[in-house]
Amino acid sequence: MTEPLVERMRAFRSTVFAEMTQLATATGAINLGQGFPDTDGPEEVLETAARAVRDGVNQYPPALGHTVLREAVCAHQEAWYGLRYDPATEVLVTTGATEAVAASLLALCDPGDEVVALDPTYDSYAAAVAMAHAVLRPVTLRAPDFALDVAALRAAVTGRTRVLLVNSPHNPTGRVLTEEELRALAEVAVEHDLWVVCDEVYEHLTFDGRPHLPLAGFPGMRERTVQVSSAGKTFSVTGWKIGWVCAPAPLVRAVNTVKQFTTFSGGAPFQPAVAVGLGLPPARLQAIRDRLQAGRDLLVQGLHAAGLQTLGAEGTYFVNVDIASIGESDGIAFCRSLPERAGVVAVPSQVFHADPDSARTLVRFAFCKRPEVLAEAAERLARL
């Protein structure tokens, strides 16, 4: 028999998350590898979902999503960013942000088209590009500051470039792009008439007073931007898989043309619950951010005590370290040995990079855990 999996997808058979999770289970180590919280979201959000189940909101939602959620997304976008969208035609509810990004790339790319993306990338991006028969062109954000190299960005754009894929706040580096960097991205997109897909799932998780600035708000960008977000990270409900797209009506129709033949619709009882979450007072969302920032600070203290050099953590769930600071030279080997050495699991950052050598000594830790878990992890790491 021939190999059943098509060649373009063979590189994506397994993920480092599965390996590290198995290590955590086998050794009893604290799992700071995968970015999922160990607490539930706001009580009124959870209760709305439970009530929706009991009230029979359990069948297919409309293809675009329940009206109450689409209206809540629009109200949120206007209240936080001054961006106005029509809930009837310019919002699409998706099965998480991962589907939103994949459906967007499948809708916008023909075979051979190029997708310019900030590298390192969240691991689903390269797979989605491959599924679209497109070509990924990385623009590397290099340690230690992970700043955008505008010259490299411009050099990456060719006559075949179709889509600019942007993630800020950025996973896995934890970087929040500055206004100047976002303006440069916008200028390139307008100059080359590119579609832009923006993954903004960590929009409410920026630290130390840094603002989140949607790229759709820059001149010439709203009409070409597919803005993607989700409830999972903000409200600690990653298993609900409720995401959304905000874009001009023609772009929403294009993305939904693909989506209708993947999941069609889903998450019926969770959609009204997410609407409640998006309508929470700003102070509630800021409190969620502040608790996560405190977790970051707690873990960073332990990492510093272990002699590890931390590389910022301006947003998201993650902090990267350079293990060269303690004489290590291989992130994969370090992460495989860390559960036995310190009882903690992390992820080697090089698996996210198109060029693994550019991050061979970088390792990523997640701090979206309860304070007592992070304190224990910090104590264990300090023994390194």
Item checked: Asn171 vs Thr316, side-chain hydrogen bond (donor to acceptor under 3.5 Å, both in side chains): CA-CA, chis, key distance, verdict -> CA-CA 7 Å; Asn171 177 14; Thr316 76; 5.9 Å; no
Item checked: Nearest heavy atoms of Glu3 and Leu5, plus distance in Å -> OE2-N, 3.0 Å
Note to self: To the closest 0.5 Å, what do you measure between CD (Gln309) and CG (Leu362)?
What the structure shows: 9.0 Å
Checklist line | Cluster check Val190, Leu153: I/L/V/M/F/W/Y, side chain < 4.5 angstrom | finding: yes
Item checked: Carboxylate-amine/guanidinium contact Arg51 Glu44, below 4.0 Å -> no
Next item on the list: Would you check if Leu118 and Thr140 make a side-chain contact, meaning some heavy-atom pair closer than 4.5 Å?
Entry: no
Checklist line | For Ala247 against Val226, the heavy-atom pair lying closest together | finding: CB-CA, 4.1 Å
Next item on the list: Report yes if some heavy atom in the side chain of Glu71 is under 4.5 Å from a heavy atom in the side chain of Cys74; otherwise report no.
Entry: no
Notebook entry, point to check: Short question: side chain of Arg8, backbone of Ala130 - any donor-acceptor pair under 3.5 Å?
Noted result: yes
Note to self: I need the minimum non-hydrogen distance between Ala97 and Val201, along with the two atoms involved.
What the structure shows: CB-CG1, 3.3 Å
Check: Can a salt bridge be assigned to the pair Arg370 and Asp38 using a cut-off of 4.0 Å between side-chain N and carboxylate O?
Finding: yes
Next item on the list: Mark yes or no for whether Asn58, through its side chain, and Val53, through its backbone, hold a donor-acceptor pair below 3.5 Å.
Entry: yes
Note to self: Please evaluate residues Thr263 and Glu99 with respect to the criterion side-chain hydrogen bond (donor to acceptor under 3.5 Å, both in side chains), reporting the C-alpha separation (whole Å), side-chain torsions for both, the decisive distance (0.1 Å), and the verdict.
What the structure shows: CA-CA 9 Å; Thr263 60; Glu99 184 192 43; 2.6 Å; yes
Next item on the list: Report yes if the side chains of Pro272 and His66 come closer than 4.5 Å at any heavy-atom pair, otherwise no.
Entry: yes
Margin query: So does Ala354 get a backbone contact from the side chain of Asp119, meaning a donor-acceptor N/O pair under 3.5 Å?
Written below: yes
Margin query: Tell me whether Tyr85 shares a hydrophobic cluster with Val255, the cluster being built from Ile, Leu, Val, Met, Phe, Trp, Tyr side chains joined at under 4.5 Å.
Written below: no
Margin query: Checking Ser229 now: which residues fulfil side chain to side chain donor-acceptor pair (under 3.5 Å) with it, not counting sequence neighbours?
Written below: Glu203
Note to self: Are more than 12 heavy atoms, taken from residues, nucleotides or ligands other than Glu340, located less than 6.0 Å from that residue's CD atom?
What the structure shows: no
Next item on the list: Report, as yes or no, whether the 6.0 Å neighbourhood of atom CZ on Arg383 holds more than 12 heavy atoms from other residues, nucleotides or ligands.
Entry: yes
Checklist line | Single-linkage hydrophobic cluster, 4.5 Å side-chain cutoff, Met221 and Val157 together | finding: yes
Check: Where is the tightest heavy-atom contact between Ile242 and Gln271, given as atom of each residue plus distance?
Finding: CD1-CG, 4.1 Å
Checklist line | Any residue meeting side chain to side chain donor-acceptor pair (under 3.5 Å) with Gln350, in chain and number order, not counting sequence neighbours | finding: none
Check: With distance as the sole test, does Arg224 use its side chain to make a donor-acceptor pair with the main-chain N or O of Leu194 at under 3.5 Å?
Finding: yes
Next item on the list: With sequence neighbours excluded, tell me which residues meet ring-ring contact (aromatic ring centres under 6.0 Å, His included) with His353.
Entry: none
Note to self: Can you confirm whether Glu372 is buried at CD, in the sense that more than 12 heavy atoms of other residues, nucleotides or ligands lie under 6.0 Å from that atom?
What the structure shows: yes
Next item on the list: Quick one: list whatever passes ring-ring contact (aromatic ring centres under 6.0 Å, His included) with Phe146, sequence neighbours left out.
Entry: none
Notebook entry, point to check: Are Leu338 and Leu23 close enough that some pair of their side-chain heavy atoms sits under 4.5 Å apart?
Noted result: no
Notebook entry, point to check: Only one of Val176, Leu148, Leu215 forms a side chain to side chain contact (heavy atoms under 4.5 Å, CB included) with Leu182, so which one is it?
Noted result: Leu215
Check: Do Tyr317 and Tyr202 make the cut of ring centroids closer than 6.0 angstrom?
Finding: yes
Item checked: Check: Pro169 main-chain N/O paired with Asn167 side-chain donor or acceptor under 3.5 Å -> yes
Notebook entry, point to check: Is the closest basic N to carboxylate O distance between Glu179 and Arg183 below 4.0 Å?
Noted result: yes
Check: Is the backbone of Asp355 close enough, under 3.5 Å, to the side chain of Ser358 for a donor and an acceptor to pair up by distance?
Finding: yes
Notebook entry, point to check: What distance do Leu308 atom CG and Ile323 atom CD1 have between them, rounded to the nearest 0.5 Å?
Noted result: 8.0 Å
Check: Do the side chain of Gln293 and the main chain of Asp208 share a donor and acceptor less than 3.5 angstrom apart?
Finding: yes
Check: Is there a chain of hydrophobic side chains (I, L, V, M, F, W, Y, each step under 4.5 Å between heavy atoms) that links Val139 to Val129?
Finding: no
Margin query: I'd like to know if the side chain of Thr121 reaches the main chain of Asp123, judged simply by a donor and an acceptor atom lying under 3.5 Å from each other, with no hydrogens or angles considered.
Written below: no
Next item on the list: Give me the one residue out of Arg137, Arg160, Arg162 that meets salt bridge (charged side-chain N to carboxylate O under 4.0 Å, His left out) with Glu114.
Entry: Arg137
Margin query: To check you understand the geometry: which heavy-atom pair defines the closest contact between Ser337 and Phe334, and what is its length?
Written below: OG-O, 2.9 Å
Note to self: Just so I know, are the side chains of Leu278 and Thr234 near enough to count as touching, which here means a heavy-atom distance under 4.5 Å?
What the structure shows: no
Next item on the list: Using the salt bridge (Lys or Arg N to Asp or Glu O under 4.0 Å) rule, collect all pairs that involve residues 17-27, keeping only residues at least two apart or in two chains.
Entry: Glu19-Arg336
Note to self: Looking at Thr225 and Arg222, would you say the former's side chain and the latter's main chain have a donor-acceptor pair under 3.5 Å?
What the structure shows: no
Next item on the list: Evaluate the side-chain proximity of Val116 to Leu165: yes if any heavy-atom separation is below 4.5 Å, no if none is.
Entry: no
Next item on the list: Would you please indicate yes or no on a ring centroid separation below 6.0 angstrom for Tyr81 and His212?
Entry: yes
Notebook entry, point to check: In Å, rounded to the nearest 0.5 Å, how long is the span from CZ of Arg296 to CG of Leu205?
Noted result: 12.0 Å
Next item on the list: Using the side-chain hydrogen bond (donor to acceptor under 3.5 Å, both in side chains) rule, collect all pairs that involve residues 237-253, keeping only residues at least two apart or in two chains.
Entry: none
Note to self: Are the side chains of Asp110 and His133 in contact, using a 4.5 Å heavy-atom criterion?
What the structure shows: no
Next item on the list: Answer yes if Phe207 and Leu285 sit in the same cluster of Ile, Leu, Val, Met, Phe, Trp and Tyr residues linked by side chain heavy atoms under 4.5 Å apart, and no otherwise.
Entry: yes
Notebook entry, point to check: Does the side-chain hydrogen bond (donor to acceptor under 3.5 Å, both in side chains) test come out yes or no for Thr178 and Glu181, once each step is laid out?
Noted result: CA-CA 5 Å; Thr178 65; Glu181 289 170 321; 3.3 Å; yes
Next item on the list: Report yes if the side chains of Pro42 and Arg284 come closer than 4.5 Å at any heavy-atom pair, otherwise no.
Entry: yes
Next item on the list: Would you check if the side chain of Arg70 reaches a backbone N or O of Val91 as a donor-acceptor pair within less than 3.5 Å?
Entry: no
Note to self: If I compare all heavy atoms of Phe318 with all of Pro172, which pair ends up nearest, and what's the gap?
What the structure shows: CB-O, 4.1 Å
